[in-house]
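Read the structure below first, then the notes.
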2 protein chains.
Amino acid sequence: MLDPVSRVRRFNRAVTSAVGALDHSFLGRGRPLGAARVLNAIGQGCSDVGEVRDYLGLDSGLMSRLLRSLEDEGLIETQAHQDDARRRVASLTRAGKREFAAYEALSNTQAEGFLARNAQREALLAAMDLIASALTRDRIALAETDPRSDEARYCLREYYAELGRRFKQGFDVSLSRDPDAKDMRRPRGSFVVAMSDTLPIGCVGLKGTDHGYAEIKRLWVAPSARGLGLGKRLMAVAENAARTLGIALLRLDTNSALPEAGQLYRSTGWREIQRFNDDPYPDLFFEKRL
Amino acid sequence: MLDPVSRVRRFNRAVTSAVGALDHSFLGRGRPLGAARVLNAIGQGCSDVGEVRDYLGLDSGLMSRLLRSLEDEGLIETQAHQDDARRRVASLTRAGKREFAAYEALSNTQAEGFLARNAQREALLAAMDLIASALTRDRIALAETDPRSDEARYCLREYYAELGRRFKQGFDVSLSRDPDAKDMRRPRGSFVVAMSDTLPIGCVGLKGTDHGYAEIKRLWVAPSARGLGLGKRLMAVAENAARTLGIALLRLDTNSALPEAGQLYRSTGWREIQRFNDDPYPDLFFEKRL
DNA sequence: ATTTATATCTGACTAAAGTCAGATAATGCT
DNA sequence: AGCATTATCTGACTTTAGTCAGATATAAAT
């Protein structure tokens with residue numbers, strides 16, 4: 001009852017029953033769970049039939065029948081894939097969109113109800129983020145993204161907020177050299193966001209300069225995703241991007257108030273160098289030759 | 001993607017798939033999930049057939065058939081209940097115990113694997129406790145317990161540890177008036193533990209004295225269970241116990257370093273009184289007439 | 001002692017989920 | 001063009017889950 005494994009198992013029992021309750025509420029819409037799941041997958045943007053099948057782990061025969069039953073209900077339409085007529089793509093009809101919205105409303109109501117019933121709202125959300133990140137650690141997708149995208153800007157906001165908390169003197173973006181978005185876009189640079197499901201949980205920027213090197217900027221990993229080796233993965237992707245852009249020398253600056261960052265750089269082939277800019281915040285400078 | 005509801009739903013998706021994976025591993029033992037669940041419920045100590053049925057939410061016909069199939073496999077035996085021959089009690093045979101242990105091992109391995117794969121072990125466990133408590137808040141059972149039981153002693157250890165953290169000068173049990181267990185047992189007093197699933201998450205003691213009043217002692221609510229109104233529930237049960245014991249006057253002492261406790265007392269009909277003992281730790285004293 | 005209530009079981013049924021062996025049609029390769 | 005590959009579909013099937021109306025035996029109430 002007090003050992004870690006029992007605590008994990010108590011958690012498992014609690015969420016199993018909660019998941020069961022949500023499934024049960026889905027049944028209330030008069031459709032078997034299998035069909036409801038397919039409808040929701042399609043609504044979420046899994047349009048390719050094969051993609052849905054893989055996502056839900058269904059047999060192709062079963063999948064086919066579920067699609068037919070949704071078609072008979074008038075909720076979806078299927079047509080051949082543009083480039084490959086063997087594949088089929090499904091899309092929601094108007095009625096299908098209404099029905100999908102009803103399922104979404106059920107899920108949202110359940111989530112809101114959970115939050116409303118409990119005090120400690122922020123603590124609960126943080127706990128959920130942490131656990132979801134741990135559970136989906138093998139499904140974290142790193143993707144090159146425009147630094148002006150919603151995901152990227154969410155990451156940057158969180159990053160600045162964290163610097164503000166961790167620097168004694170606080171942090172004001174405008175005081176720092178805020179790299180222009182276009183320097184972190186191909187072909188001058190790159191910007192990579194780590195997504196776990198629909199939540200951005202990390203980022204890194206590669207900023208092109210005119211000084212014969214590129215800079216690594218804005219490396220951030222969400223608190224809920226630390227300890228998963230995500231920092232290393234992000235850095236590796238950024239370095240690879242630099243290689244494909246023909247960049248031979250990387251530099252970065254950081255602050256000794258972020259010891260885990262310095263540690264990461266030292267352990268992945270970066271060497272400390274003299275200050276190479278006059279930004280007021282950093283007090284540590286690194287370089288790596290690719 | 002950033003709003004609270006989306007974060008809850010991301011969590012839901014993550015745990016749904018984790019729960020599914022565990023169920024799938026259970027299927028690996030060649031038995032349908034329904035039968036496996038019944039076997040596990042019996043192994044966990046749900047011996048009464050009706051109890052298992054309620055716990056798993058099964059139809060009586062289905063339950064009966066699942067029991068037969070487990071009997072045919074030689075995993076369980078059933079017999080009539082001692083006091084009521086209509087009811088049946090099930091128990092595991094030797095083979096059933098082996099099979100139950102195999103399921104337990106699967107669950108434990110899964111839990112250990114989860115903990116081993118992730119850093120932030122303590123943070124994860126705390127997050128799981130928090131969420132499990134929130135999800136099972138309607139199923140918290142308050143039960144009168146012997147103050148020497150494992151559950152009670154676990155609560156007391158946690159309680160003392162928390163006082164140690166919150167008092168500036170620390171807390172040493174031996175310095176405080178450690179109430180004798182027998183004063184917190186019927187007929188002199190009572191001790192109540194709040195259980196969420198198998199985890200003790202709160203307690204309160206009613207300690208009989210020879211001074212014409214009884215004392216409320218050791219009111220504790222686990223950090224993961226705060227904000228659920230559990231403190232009030234525990235106090236209400238303790239006061240009811242006092243009433244059934246014919247106690248007319250209650251007193252308690254507390255410390256201003258625990259503001260939420262003082263708040264609770266004030267809001268539930270307690271009034272502050274003069275110091276009534278020479279215990280070095282408390283600096284606030286309350287009384288309530290029943 | 002009779003009636004009513006309770007706990008479990010049995011039989012007959014339906015619905016849902018899942019499996020598997022082809023059938024069909026488009027694609028890719030040589 | 002011919003052949004293997006791939007994506008999906010169809011039909012025939014099994015298993016699992018769940019429902020419901022009695023049947024049976026015991027217990028509790030009057």
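Proteins come first, then strands; the chains are lettered A, B, ... in the order of their sequence lines, and each starts at number 1.
For C:dT8, its base never sits under 3.5 Å from the side chain of B:R86 at any donor and acceptor pair. Counting atom types as modelled, A:R88 pairs no side-chain N or O with a base atom of C:dT24 as donor and acceptor under 3.5 Å. One can find a donor-acceptor pair under 3.5 Å joining the base of D:dG11 and the side-chain atoms of A:R65.
For the pair B:E51 CD and C:dT8 P, the interatomic distance rounds to 11 Å; values are reported in whole Å. Straight-line distance from the CZ atom of A:R31 to the P atom of C:dA17: 12 Å, rounded to whole Å. B:R87 has its CZ atom 12 Å from the C1' atom of D:dT26, to the nearest Å. Counting to the nearest Å, the P atom of C:dA26 and the CD atom of A:Q79 are 15 Å from each other. Per the geometry, CG belonging to A:L33 stands 19 Å off P belonging to D:dT16, to the nearest Å. Regarding B:M63, its CE atom lies at a distance of 18 Å from the P atom of C:dG11, rounded to whole Å. Atom CZ of B:F26 is separated from atom P of D:dT16 by 17 Å (rounded to the nearest Å). For B:E71 and C:dC9, the CD to C1' distance is 12 Å, given to the nearest whole Å.
For the residue pair A:R9 / A:N12, no side-chain donor-acceptor distance below 3.5 Å is found, with atom types taken as modelled. A:R88 and A:S64 are not linked by any side-chain donor-acceptor pair at a separation below 3.5 angstrom, with hydrogens and angles left out of the test. Side-chain N/O atoms of A:R65 and A:S60 include no donor and acceptor closer than 3.5 Å. Inspection of the B:D146 and B:S149 side chains reveals no N or O donor paired with an N or O acceptor under 3.5 Å.
Regarding contacts with the backbone of D:dC9, a side-chain N or O of A:R68 is found under 4.0 angstrom from either OP1 or OP2.
Nearest to the side chain of B:D84, among C:dT27, D:dA27, D:dA7, sits D:dA27. Of the candidates D:dG18, D:dC9, D:dA27, the closest approach to any side-chain atom of B:L58 belongs to D:dG18. Considering only the side chain of A:D48, D:dT8 comes nearest among D:dA12, C:dG18, D:dT8.
As judged by a 4.0 angstrom heavy-atom cut-off over every strand, A:D59 is placed among the base-contacting residues.
Heavy-atom distances to DNA chain C give each of A:Q82 and A:L66 a nearest nucleotide, and the one nearer the 5′ end belongs to A:L66.
A side-chain donor-acceptor contact under 3.5 Å links B:D84 to the backbone of B:R86.
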